[in-house]
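What follows is a short report on a single structure.
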Amino acid sequence: MSRLRSASVLLVPALLVPALLTACASIAPAGRTDAGGIAVDVPTIQHPQQETPQWWYRDGAAQAAARGAMAGKARNVILFVGDGMSLPTVAAARILDGQRKGGPGEENRLSWERFPATALSKTYNTNAQTPDSAGTMSAMATGVKTRAGVLSIGQSPRRGDCAGALQAPILSLWELAEAGGMATGVVTTARVTHATPGATFSHSADRNWEHDAAMPESALAAGCVDIARQIVETPYGDGPEVLMGGGRAMFMREDQADPEYPDQHGKRRDSRDLVAQWRQRKPGGRYVWNAAQLAQAPLDAPLLALFQPSHMQFEHDRGSDGAGEPSLAEMTRAAIARLQNADGGYVLLVEGGRIDHAHHYGNAYRALTDAIALSEAVQTAATMTSADDTLILVTADHAHTLTFVGYPARGNPILGKVVGTLGEDAPEGGRFARDATGLPYTTLSYANGPGYVGASELQGEGPKRFQHSPDHIRPATGGRPDLTHVDTQDPNYMQEALVPSKDESHGGDDVGIWARGPGSDAVRGSVEQNAIFHFMLQATPRLRETVCARGGCNADGVPVELPDPAAFR
């Protein structure tokens, strides 16, 4: 029965889960605890040699408990992830949003910047200084840091190690919520099987195993299952009540034509129609694939909404979609409208997934407009919920190389060329600032990416236009181009990149966390990214009790022992 109608809970007998902490002679306190905080002892280890999932879980629990997260009384939890939303991305989106509203821009605030609690998140993976979305979202979803490229498994198996992954699944917050009788939802503008949403209900040795045809035969033979199938067939509760985003092709057989693009077909070769399987598992549930169908879908029934064969459109391009796509704010509204009826509360992920993709393409316009769309979605959630019972966290999984250059005057168009010099008013006539060769330059640029001005097999030397993903780039022979008469505010203009590459890369810098609601007071300081899971877990009594009932808590009721996933199925 769907939890949109009933949220009765059957608790299994408490099971003791062994701590399995690394063998260390000394135990060190987790650090200073604030007033109302609870101290959790964490073994002192050598990094990275002695890191284990058990250690990461306990260390994350200690960070949250010391800051007072256990005082939270949240009924619902919403995690917003701006994929690739670095701090410079937030600042630039804030300014662009303000300038679109007619102001200078700098004084503007995005919706989450009005939240009372803020912190910094350290995003590295266990094997990578600059991380990827799979390892970073896995940290937030499970409370355990892990490798780049894998989903919700421990750090020991290497990427692609099917046998190792089968032995190392880590329970996610969404699976825990299902086990505890809460409703769950996953909303994204990317494919629902992509790295960030995939970490909620799948455990995979490779983030690219989104459908069976993407997997090596050896992995299939060893018993590994693709991400789309894991989401539909999850053994935790009855699976997500709301699943919304792109990625239709991952759920359809290769002989099934796409309903929107008849010349395209599904990806699956295993004869499984996962949409039909979902309908079978969710009697009365509604499957939709365009905005009009979403508007007509009942609010008291589970929802599967897959709006594209692959990723959804960028916000800038959404209006040109023939079948019609909802905005991220509209999807957020649709999700909360359904989940808020659940008797046991809910846990919801909302991802602005294409901020990251636009950055990879070297196109700041689409990255910033998708970040603004995320801000509108956060505002929708804040308006529809109460800070008395709903914890909302907004963060990013990792950064990007977008940067501010020069000293533009107050109110200078954020996508424009720099006008002004440090400490001086904007000059008469809006004269451009010049680099050391005498050429104007833009405020925003990338450290690497396809916006490098050298010629490629796709575009000649000079400024690049979206979409440009070359395989070969030649060194620039004429230096930087003269941008005097180039419209750098055009949506298709690609910011210059210092280092030429097919795709712009992630950054290794910290990202922000903003929070509102029960338990949000604990969100402060500098934390490891996996502590975000523990903020959500500790601030939600129903989630805590579900863990404690299976023996995962210490004498203070803090969930400190890494859960055994089998105990929650």
Side-chain angles (χ1 to χ4, degrees), residues 78-101 105 108-115 133 185-192 194 196-197 242 244-247 290-291 294-295 305-308 310-321 323-337 348-361 363-385 392-397 400 402 414-415 444 466 489 491-492 511-512 514:
I78 307 175
L79 175 64
F80 283 90
V81 176
D83 198 311
M85 193 173 68
S86 61
L87 290 174
T89 303
V90 172
R94 170 203 308 147
I95 294 170
L96 179 60
D97 182 52
Q99 291 176 346
R100 285 178 151 192
K101 295 172 181 175
N108 185 50
R109 291 177 183 266
L110 297 174
S111 59
W112 58 78
E113 294 183 294
R114 297 184 177 90
F115 287 0
S133 296
V186 176
V187 174
T188 179
T189 53
R191 296 187 294 268
V192 297
H194 208 236
T196 300
V242 175
M244 204 175 338
N290 60 52
L294 175 64
L306 301 174
F307 297 108
Q308 284 288 334
S310 184
H311 303 303
M312 293 180 66
Q313 304 280 2
F314 289 108
E315 177 62 19
H316 172 68
D317 305 305
R318 186 169 58 84
S320 63
D321 185 77
E325 285 187 12
S327 69
L328 187 57
E330 290 167 340
M331 291 195 290
T332 300
R333 180 178 299 280
I336 295 174
L348 171 64
L349 167 69
V350 180
E351 183 201 20
R354 305 223 67 194
I355 301 169
D356 172 75
H357 298 161
H359 278 322
H360 282 309
Y361 289 140
N363 181 231
Y365 183 95
R366 284 175 173 78
L368 301 186
T369 49
D370 267 48
I372 293 170
L374 179 68
S375 176
E376 293 166 354
V378 172
Q379 184 58 54
T380 295
T383 300
M384 292 183 70
T385 61
I392 300 178
L393 293 100
V394 181
T395 190
D397 48 356
H400 271 274
L402 182 74
I414 191 62
L415 292 164
L444 300 180
F466 176 86
Q489 298 182 64
N492 292 324
V511 298
W514 297 264

### Message
Tell me the closest heavy-atom pair linking L87 and G512, and the distance in Å.
### Response
CD2-N, 3.8 Å

### Nearest heavy-atom neighbours spanning A291 and P326
CB-N, 3.9 Å

#### Entry: Nearest-0.5 Å distance that lies between atom CD in E330 and atom CE in M244
10.5 Å

### Message
Is a donor from one side chain sitting under 3.5 angstrom from an acceptor on the other, for S310 and R191?
### Response
yes

### Query
So M85 and V511, side chain to side chain contact (heavy atoms under 4.5 Å, CB included) or not? Walk me through it.
CA-CA 8 Å; M85 193 173 68; V511 298; over 6 Å; no

### Message
Just so I know, are the side chains of D321 and N290 near enough to count as touching, which here means a heavy-atom distance under 4.5 Å?
### Response
no

### Task
Report yes if the side chains of S375 and E113 come closer than 4.5 Å at any heavy-atom pair, otherwise no.
no

### Task
Answer yes or no: is there a side-chain heavy-atom contact under 4.5 Å between H311 and T189?
no

### Query
Looking at side-chain heavy atoms only, is the closest gap between V350 and L328 below 4.5 Å?
yes

### Summary
Output for pair (L110 CG, W514 CH2), nearest 0.5 Å, gives 8.5 Å

### Message
Within a 6.0 Å radius of atom CZ on R114, are there more than 12 heavy atoms belonging to other residues, nucleotides or ligands?
### Response
yes

### Query
What closest approach, in Å, do F80 and A381 show between heavy atoms, and which atom pair accounts for it?
CZ-CB, 3.5 Å

### Task
State whether the side chain of R354 and the backbone N or O of D370 hold a donor-acceptor pair below 3.5 Å, judged by distance alone.
no

#### Entry: Cation-pi check, R366 onto Y361 ring (under 6.0 Å, within 45° of axis)
no

### Query
Name the one of K101, R100, R94 that satisfies side chain to side chain donor-acceptor pair (under 3.5 Å) with D97?
K101

### Query
Side chains of H194 and T188: is there a donor and an acceptor less than 3.5 Å apart?
no

### Task
Identify the heavy atoms of V242 and A335 that sit nearest to each other, and give their distance.
CG1-CB, 4.0 Å

### Task
Starting at CZ of F314, measure out to CD of E325 and round the result to the nearest 0.5 Å.
11.5 Å

### Task
Verify whether one side chain among Q99 and N108 offers a donor that lies under 3.5 Å from an acceptor in the other.
no

#### Entry: pair S327-E376: side-chain heavy atoms closer than 4.5 Å
no

### Task
For residues V187 and M331, report the shortest heavy-atom separation together with the two atoms involved.
CG1-CB, 3.8 Å

### Message
Quick check for you: to the nearest 0.5 Å, what is the distance between D83 atom CG and D397 atom CG?
### Response
4.0 Å

### Query
How are the rings of H359 and H400 set to each other: parallel, tilted or perpendicular (split at 30° and 60°)?
tilted

### Message
Can you confirm whether W112 sits close enough to L374 that some side-chain heavy atom of one is under 4.5 Å from a side-chain heavy atom of the other?
### Response
yes

### Message
Please report the interatomic distance CD1(I392) to OG1(T385), rounded to the nearest 0.5 Å.
### Response
3.5 Å

### Message
Minimum heavy-atom separation for A329 and T380, please, with both atom names.
### Response
CB-OG1, 3.7 Å

#### Entry: Heavy-atom side-chain contact between T196 and L349 under 4.5 Å
yes

### Query
Should Q489 and I414 count as side-chain neighbours, where that means a heavy-atom distance under 4.5 Å?
no

### Interatomic distance, H316 atom NE2 to N363 atom CG [nearest 0.5 angstrom]
8.5 Å

